[in-house]
Amino acid sequence: MFLAAAMAAVAIAPANAAQSCGRASWYALTSKTASGERMDPSKLTAAHPKLRFGTKVEVVNPRNGKSVTVRINDRGPFIKGRVIDLSKAAAGRIGIIRSGVAKVCYRVVS
């Protein structure tokens, strides 16, 4: 039921904003990210293969309606079929810690 609402929310994003649905995972490393900053699992950050570092993205879990806004600071995911990797904190906000991987929709907000 919420998937339709999540898709509608993505559909109203500005035409030039990247938007997509797909599988997301999370990671909690503490190594340096592709942007050069240290990964902090407690921050609301994410990895995306193409979006510029610093881009803010709203990620929605259509199964429970929870959303989180993250800042892109890394590259990835590097596993086929995944569209975004979230920090552990971000994954916790949308309820995907236990499953590890879940379908999400996201849109660029700034």
Trainee: Between CZ of Arg107 and OG1 of Thr69, what distance do you get to the nearest 0.5 Å?
Mentor: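 Spacing of CZ (Arg107) from OG1 (Thr69) equals 8.0 Å.
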Trainee: Is a salt bridge present between Glu37 and Lys43, judged by a nitrogen-to-oxygen distance below 4.0 Å?
Mentor: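 The answer is no: the pair does not qualify as a salt bridge.
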Trainee: Within the distance-only criterion (no hydrogens, no angle test), does the side chain of Asp85 pair as donor or acceptor with the backbone N or O of Gly76 below 3.5 angstrom?
Mentor: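 No: the side chain of Asp85 does not pair with the backbone of Gly76.
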Trainee: State yes or no: do Leu86 and Val101 share one hydrophobic cluster built from I, L, V, M, F, W and Y residues joined by side-chain heavy-atom distances below 4.5 Å, directly or via other members?
Mentor: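 No, separate clusters.
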Trainee: Got a donor-acceptor contact below 3.5 angstrom from the Ser99 side chain to the Ala102 backbone?
Mentor: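 It does not hold such a pair.
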Trainee: Restricting to salt bridge (Lys or Arg N to Asp or Glu O under 4.0 Å), what partner residues turn up for Arg82, sequence neighbours left out?
Mentor: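 Listed in chain order: nothing, the list is empty.
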Trainee: So which heavy atom on Cys105 is nearest to which on Pro62, and how close?
Mentor: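 Smallest heavy-atom distance, with atoms named: N-CD, 4.4 Å.
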Trainee: Can you get from Val83 to Leu51 by hopping between Ile, Leu, Val, Met, Phe, Trp and Tyr side chains that sit under 4.5 Å apart?
Mentor: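 Looking at the clustering, Leu51 is in the same group as Val83.
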Trainee: Nearest 0.5 Å, what's the OG-CD1 distance between Ser67 and Ile94?
Mentor: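 So the OG of Ser67 and the CD1 of Ile94 are separated by 8.5 Å.
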Trainee: Roughly how far, to the nearest 0.5 Å, is the CE atom of Met39 from the OG1 atom of Thr30?
Mentor: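 Rounded to the nearest 0.5 Å, the OG1-CE separation comes to 9.0 Å.
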Trainee: Do we get Arg71 above Phe53's six-membered ring, with its NZ or CZ under 6.0 Å from the centre and within 45° of the axis?
Mentor: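 That pair does not qualify as a cation-pi contact.
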Trainee: Without hydrogens or angle criteria, can the side chains of Asn73 and Ser35 be said to hold a donor-acceptor pair below 3.5 Å?
Mentor: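 Not at all, the side chains of Asn73 and Ser35 share no donor-acceptor pair under 3.5 Å.
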Trainee: Go through Ser20 and Tyr106 one step at a time and tell me if the side chain to side chain contact (heavy atoms under 4.5 Å, CB included) criterion holds.
Mentor: CA-CA 6 Å; Ser20 182; Tyr106 72 86; 3.5 Å; yes
Trainee: Determine the minimum heavy-atom distance between Ala28 and Pro41, stating which atoms define it.
Mentor: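 It is O-CG, 3.6 Å.
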Trainee: Can you tell me how far CG of Asp74 sits from CD1 of Ile84, rounded to the nearest 0.5 angstrom?
Mentor: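 Result: 11.0 Å between the selected atoms.
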Trainee: Looking at OG of Ser87 and CG of Asp40, how far apart are the two atoms once the value is rounded to the nearest 0.5 Å?
Mentor: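 Output value for this atom pair is 8.0 Å.
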Trainee: Determine whether Arg38 and Thr33 satisfy the following criterion, side chain to side chain contact (heavy atoms under 4.5 Å, CB included), listing intermediate values before the conclusion.
Mentor: CA-CA 6 Å; Arg38 177 117 357 239; Thr33 65; over 6 Å; no
Trainee: Output yes when a side-chain donor or acceptor of Arg75 lies under 3.5 Å from a complementary backbone atom of His48, and no otherwise.
Mentor: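 Here the side-chain-to-backbone pair exists.
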Trainee: Would you please test Ile96 and Asn61 for side chain to side chain contact (heavy atoms under 4.5 Å, CB included) and show each step?
Mentor: CA-CA 8 Å; Ile96 69 167; Asn61 179 344; 3.5 Å; yes
Trainee: Testing Val109, Val108, Leu44, Val70 for side-chain contact (heavy atoms from CB on, under 4.5 Å) with Lys56, which one passes?
Mentor: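 When side-chain contact (heavy atoms from CB on, under 4.5 Å) is applied between Lys56 and each of Val109, Val108, Leu44, Val70, only Val109 qualifies.
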Trainee: Distance from Ser42 atom OG to Lys88 atom NZ, nearest 0.5 Å?
Mentor: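 Here the interatomic distance stands at 10.5 Å.
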Trainee: Determine yes or no for a side-chain-to-main-chain donor-acceptor pair under 3.5 angstrom, with Trp26 supplying the side chain and Ala90 the backbone.
Mentor: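 Pair absent, no side-chain N/O of Trp26 close to backbone of Ala90.
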